[in-house]
Structure formats: C-alpha cells, structure tokens
Number of protein chains: 2
Amino acid sequence: MNRTAEALRKKDAVAVLREHGIKVSHQRVLVLEYLLEHDTHPTVDTIYQDLLPHVPGLSKTTVYNTVRLFVEKGIAQELTIEGTEFRYDIADPSHAHFKCVRCGALYDLPLPQELSAALRVPPGFRLEESHLYLKGVCPSCTRTN
Amino acid sequence: MNRTAEALRKKDAVAVLREHGIKVSHQRVLVLEYLLEHDTHPTVDTIYQDLLPHVPGLSKTTVYNTVRLFVEKGIAQELTIEGTEFRYDIADPSHAHFKCVRCGALYDLPLPQELSAALRVPPGFRLEESHLYLKGVCPSCTRTN
DNA sequence: ATTCTTGCAAATCATTTGCACTTTA
DNA sequence: TAAAGTGCAAATGATTTGCAAGAAT
C-alpha cells in the first residue's frame with residue numbers, strides 16, 4: 001500500500017470514529033482499520049497479536065476496551081457463535097455466520113431476503129439485534145471426507 | 001408430584017437415555033429430568049446448584065460431562081447467546097432465543113414458519129444446526145421504562 | 001474382571017478490574 | 001490542566017484435565 005492509500009485509509013477510520021462520537025487515539029484508529037480491512041471475525045487475541053509488531057507497547061487490555069467501545073457505539077458487533085471467546089465484526093446485519101464443525105472455520109453467508117423479512121417478534125418485544133448462527137460442514141471439509 | 005408420576009418421569013428419562021445409546025446412571029437420569037422439566041436454559045452451575053440438595057456429593061465436573069454427552073448424542077443443545085457461559089436446552093430447532101439486554105432474561109420465541117423454510121445454505125455447505133439469537137428489550141422491561 | 005463413570009483438586013484461558021501513568025483536546 | 005485513554009499486573013470465573021476411587025454389566 002502506497003503512502004496515499006494509507007493516508008486515505010487512516011482518514012476513513014478517523015472519520016468513522018468521529019461520526020460515532022468517539023475520541024480519536026492512535027490505538028483506536030489502528031483497531032478500527034484492522035476491523036475494516038479484515039473480514040475474518042478476529043478474536044481480541046488475534047487483533048492484539050497482529051497489531052503488536054506495528055504498535056510496540058500495545059496492551060491487550062486496550063484492545064478489549066476498544067472493541068467494547070466499538071460495540072457500544074454500534075461500529076462493531078460481537079459474535080458469540082464460538083461460546084468460548086468473542087469474535088468481532090464490523091456491524092452488518094445482512095449476513096449469517098456459518099461455523100464448520102470439522103475445521104472450525106467461520107464463514108459469512110448471505111442472508112436470504114425472505115428471511116430478514118420474516119423476522120418478526122411478538123408484540124411487546126423490541127428487537128434491537130439478531131444473529132443467525134449456522135453449524136455444519138464446509139465445502140472444503142466435505143471434499144476431504 | 002405423587003409416586004406414580006415420579007416413577008413415570010424417571011422411566012421417561014431412562015427411556016430417552018436408552019434410545020440415544022447412553023448408559024444409565026443416577027446422575028444422568030437426574031440431569032436429564034432436570035432439563036426435561038425446566039425450559040429455563042440453565043447454565044451448568046444452575047443445574048448443579050439446583051440438583052445438589054437432592055444429590056449429595058454431586059460434582060460439577062459430572063454435570064459438565066453429562067451435558068456435553070447429551071449434546072454429542074443430540075438430546076440437548078448448547079446455547080451460546082450469552083458469550084460468557086453456555087446454556088443448555090432439550091434440543092428443539094423450532095424456536096428462537098431472545099435475550100433482554102435490560103434484565104438479562106432469556107425467552108423462547110416461536111420461529112416463524114417461513115423463516116425455517118427460507119433457511120438455505122449455499123451449495124457445498126452441509127447444514128447441521130442453526131440458532132437464531134435475538135436481542136432487545138422484553139415486554140416487562142419496556143413497561144418499566 | 002473389566003470398562004465406564006464419578007469427583008476432587010489443580011490447571012487453563014478468556015475476560016475484567018484496580019490503579020498509576022500518559023496522552024489529548 | 002482537566003478529562004479521558006492506556007498499560008501493567010493481579011483477580012475472576014467458566015471450563016477442562018489428570019487421576020484415583022467407585023459403580024455397572
């Protein structure tokens with residue numbers, strides 16, 4: 001990535017932070033950039049390990065603080081499909097998550113239009129967030145039967 | 001509950017274990033009965049605390065072993081909606097789970113027919129399990145605004 | 001008798017907390 | 001410079017593991 005693209009990317013992240021009323025810091029920009037560029041549903045530890053070489057002295061606590069803040073402000077969403085650790089995503093209600101029970105890989109799958117339309121909740125409930133978690137065997141593992 | 005009903009209940013649990021190829025033990029019968037009678041999505045600790053008075057010497061490890069076995073054999077399902085702890089259910093794909101972000105209560109909600117029908121997965125994926133987790137505010141908390 | 005199950009204690013691992021230091025508006 | 005953000009170390013809490021004793025067929 002050249003200097004111009006990098007500058008643009010940083011500007012984007014800063015803009016997103018400002019739009020959501022979040023104070024800008026070096027660490028927050030980097031974590032947000034990381035999430036914007038990786039649709040890999042990383043854990044806190046993954047984000048931390050990947051960022052550490054570029055941010056000497058980074059603390060895992062800061063990554064925890066930062067992703068929690070992003071979730072509160074609606075920038076990111078917390079995936080609980082694993083059950084043992086949280087994964088993070090740029091918030092996007094338009095897809096489901098599929099976990100391969102063989103290899104553990106996590107896929108984004110398109111959410112059928114009819115499905116989100118059918119998503120209703122009984123009177124009295126106010127729906128704020130929904131997650132469709134699917135489990136099974138992915139194409140790659142099916143081939144390697 | 002009178003003696004006859006209790007005997008029937010126990011017979012049911014034993015039958016379910018046998019049908020699923022699980023060896024019968026005192027502890028397994030009691031944990032299964034607990035799940036059959038409580039649609040409260042209990043955690044391991046809740047099951048343990050509730051059963052302990054009736055099963056002196058019960059170990060939490062045994063509850064962990066037992067629910068894991070039930071999940072493997074398809075009797076129970078593991079809910080990951082909390083993200084911090086597992087909850088357990090008699091396996092039933094016909095409803096969604098709603099978590100109130102105010103009070104933390106967990107509700108079973110009927111799953112719209114169209115929704116399960118629309119649930120498709122791209123070619124190559126084999127779907128084995130699906131969970132729809134909803135979050136928002138429950139009727140009781142909406143009233144107490 | 002052999003195999004499976006149970007229970008205890010210790011280990012593990014993700015996440016949270018308390019607090020002192022630093023950065024930023 | 002006041003308010004907020006960061007980082008370290010220690011605490012917490014759910015789950016897992018190793019292993020010895022007990023139960024079932």
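The sequence lines fix the lettering, A, B, ..., with proteins before strands; numbering per chain opens at 1. The figures here come from the full heavy-atom set of this structure, side chains too, leaving out hydrogens, waters and symmetry mates.
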Atom [atom1] of [X] to atom [atom2] of [N]: distance rounded to whole Å?
X	N	atom1	atom2	answer
A:Y64	D:dA11	OH	P	18 Å
A:I22	D:dG5	CD1	P	10 Å
A:L69	D:dT6	CG	C1'	13 Å
A:L52	D:dT6	CG	P	15 Å
B:K23	C:dT2	NZ	P	15 Å
B:H26	C:dG7	NE2	P	10 Å
A:R18	C:dA25	CZ	C1'	10 Å
A:Y48	C:dT16	OH	P	17 Å

Ring-ring centroid check A:H97 A:H131, cutoff 6.0 Å: no

Ring-ring centroid check A:Y88 A:F70, cutoff 6.0 Å: no

Options C:dT15, C:dG7, D:dG7, nucleotide nearest the side-chain atoms of A:F86: C:dT15

Which nucleotide in C:dT6, D:dG7, D:dG5 has an atom nearest any side-chain atom of B:T62: C:dT6

Side-chain heavy-atom pair B:R28, B:L69 within 4.5 angstrom cut-off: yes

A:K135 side chain reached by A:I81 side chain, heavy atoms, under 4.5 Å: yes

From OG1 (A:T46) to CG (A:L51), nearest 0.5 Å: 11.5 Å

Closest-nucleotide ordering on DNA chain D, the 5'-leading residue of B:V24 and B:N65: B:N65

Position toward the 5' end of DNA chain D (nearest nucleotide), A:S25 or B:T61: A:S25

Has [X] got a side-chain N or O lying under 4.0 Å from the OP1 or OP2 atom of [N]?
X	N	answer
A:R28	D:dT6	yes
A:R68	C:dT16	yes
B:T84	D:dA14	no
A:Q27	D:dG7	yes

Please report, to 0.1 Å, the donor-acceptor pairs under 3.5 Å made by any side chain of residues 52-64 of chain A, with sequence neighbours excluded.
residue	atom	partner	partner atom	Å
A:H54	ND1	A:D50	O	3.4
A:S59	OG	A:T61	N	3.0
A:K60	NZ	A:D45	OD1	2.7

Between the first and last five pairs of the helix from C:dA1-D:dT25 to C:dA25-D:dT1, the angle of the axes, rounded to 10 degrees: 30°

Test: A:K99 and A:E82 ion pair at under 4.0 Å: yes

